[in-house]
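Right, one structure below, let's go through it.
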There are 2 protein chains.
Amino acid sequence: MATGSDAKPKLGATKDRILTSTLALFNERAPDRVTTSEIARSVGINEGNLYYHFKTKEALVLALFKKFESEAVDLVQASARSTSTEIGVYSGFLRDWFSLVWNFRFLFRDLSALVASAPSLTEPIKAVSSGMQSAVRHMINQMMQAGFISVPEKEQEPLLANVWIVSTYWAVYLGLQEGVVNLKEEHLGWGLNQVSSLFRPYLSGEARDALDSMLNR
Amino acid sequence: MATGSDAKPKLGATKDRILTSTLALFNERAPDRVTTSEIARSVGINEGNLYYHFKTKEALVLALFKKFESEAVDLVQASARSTSTEIGVYSGFLRDWFSLVWNFRFLFRDLSALVASAPSLTEPIKAVSSGMQSAVRHMINQMMQAGFISVPEKEQEPLLANVWIVSTYWAVYLGLQEGVVNLKEEHLGWGLNQVSSLFRPYLSGEARDALDSMLNR
DNA sequence: GTCTATACCAAGATAGAC
DNA sequence: GTCTATCTTGGTATAGAC
C-alpha cells in the first residue's frame, strides 16, 4: 500500500508476505494448530528466516491484531463522523464491519484462547469491541430519530449484544451446520442476513425495503 | 445413575472422578491447553494411572461428548413427545437445553478445533445440532398454532440459526465484554435473556408475560 | 489399579555460516 | 536477509515394578 517503487508488485517485502500468508493460515486453523515451519513453507522461505523477521510466534499474532485494530478504528471513527440520515449509511457500516471481522476471523474463533496466548491483547480487544458497540448504538439512535427503527428501551442492550454475538459467530455455525468447510466470500451474504434479521422486526416498512435491497446486492 | 451399591457416594469410581475433573478443566480452558499431568493432579492420581483408564487424551474428549450427547438426545426426545400447549413447556425446554450447553461449554468454544482434534465427532456433533434445531422448530410451530407467537415464514430459518448461535456463544461475549473471567451459574440468566430477546418481538402479549415471569425466577 | 521412570516427538527458538 | 544445523522444552504416551 506504500511500496517505494512498485516495479515488481508481484511480491511485497518479506515481512508483508509473511503476514499475508500467516493470516490466511490462521483463518483456516487456530494459531496453535499452525506451526512456524508451516508458515515458513507457505511463504516460501526458511524457518530461520521467519524468526529473523518475527522473533516469536506471538509477535505474528500481535502484528496481525495491530492491522485489524487500525482498520477497526478507522471504521468506527468514520461512522462517528457521519451525521447523514441516509438509510444506506447504516447498512454500509454493518457491511464494512462485517467484512473486517471476516478478514480477521481467526481473532474471533476462540477469543479466550487468543487472550491466553497473548495476554497483552486483553485490553485492546475489549477496546475494539466496545468501540464497535458504541458505533452500533450510535447508529441505532440515529435510525430511531430518523424513524427508521423503533426498539423498546429495554430491548436495546440485549439487541446490541446479540448483534455482536451473531456477527462474530455466524461463520462457525455455517461451517458446522451446513457442512461448509472452506468458507468463502460468497457466504458473507448469509451472515449479513443473519445479523440483519436481528433488526428486521423493529424496522419501519421503508427501512425494511432499503435493507432488503442492500442484501440483494 | 446406576451404581451397584451407593454406600459411599462421596467418591465415584476413579473413571468417573477423572471425567468430572476433566470436564471442569476443559470448561475453564480449551482441551489443548490442559495437560494430562494437570488432569492427573486435579484428580489426585498419577499420570500413569490416568493413562490406564483413558489410553489417549482424545478418549477423554470422546467420553465427555458421549455424556453430553445422551443428555441432549433425552432432552430432544422429551420435547418431541410433549404435545402440551402449556406455555411453560417451551421456556422449560429452552432452559434445559441452555443449561446442558453450559455444563459442556468446552465442546462449543471452538468447534472446528474440537473436530480437528477428534474427527470422529464431526457427524455426532452435526446430528445433535440438527436434533436441537428440529426441536426448536417443532416448538415454534406448536407455539404458532397455540397463538403464542407469530413469525413470518421468511424469518423462521434465520431466527432458528440465531437461536443456535446465541445460545452457544453468549458466554464468550460475557467473558470478553463484561470482563467476566470465571463464568458461574448465575450468569446463566443473562444468557437466557439474550436468547429470549430473539423471540420477544414475535410474541403475543400473553406469551411475553409468561416469558418474563420465567426469566425472573 | 496404582505408581515411578522413561521414551518419544513435535514445535518453538537460537547460532552462526553464507 | 537468508540459509543449515541444532538445541530445548514440554507434553503425550509406554514399560514395568508394586
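Labels below follow one simple rule: chain letters A, B, ... track the order of the sequence lines, proteins then strands, and each chain is numbered from 1.
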Can you tell me the distance, in whole Å, between the [atom1] atom of [X] and the [atom2] atom of [N]?
X     : N      : atom1 : atom2 : result
B/Y52 : D/dC18 : OH    : C1'   : 15 Å
A/I45 : D/dT4  : CD1   : C1'   : 14 Å
B/D16 : C/dG1  : CG    : C1'   : 15 Å
A/I39 : D/dT2  : CD1   : P     : 16 Å

- request: Respond yes when some side-chain nitrogen or oxygen of B/N49 is under 4.0 Å from OP1 or OP2 of C/dG1, and no when none is.
  value: no

- prompt: Below 4.0 angstrom from OP1 or OP2 of D/dT2, is there any side-chain N or O of A/N46?
  reply: no

- request: Only counting residues at least two apart or in another chain, list the ones meeting salt bridge (Lys or Arg N to Asp or Glu O under 4.0 Å) with B/D212.
  value: B/R200

field: Qualifying residues under salt bridge (Lys or Arg N to Asp or Glu O under 4.0 Å), relative to B/E157, sequence neighbours excluded
entry: B/R137

- request: For the residue pair B/F98 and B/W170, categorise the inter-ring angle as parallel (less than 30°), tilted (30 to 60°) or perpendicular (more than 60°).
  value: parallel

field: Summary of protein contacts for nucleotides 9-17 of chain D, nucleotide by nucleotide, where a base hit scores B, a sugar-phosphate-only hit scores S (4.0 Å, heavy atoms)
entry: --SBBB---

message: Considering only residues two or more places apart or on different chains, which pairs with a residue in residues 35-57 of chain A satisfy salt bridge (Lys or Arg N to Asp or Glu O under 4.0 Å)?
response: A/R29-A/E38

field: ring-ring contact (aromatic ring centres under 6.0 Å, His included) involving B/W164 - partner list, sequence neighbours excluded
entry: A/Y173

message: My understanding is that only residues two or more places apart in sequence, or in another chain, count here; which of them pass side chain to side chain donor-acceptor pair (under 3.5 Å) with A/S120?
response: none

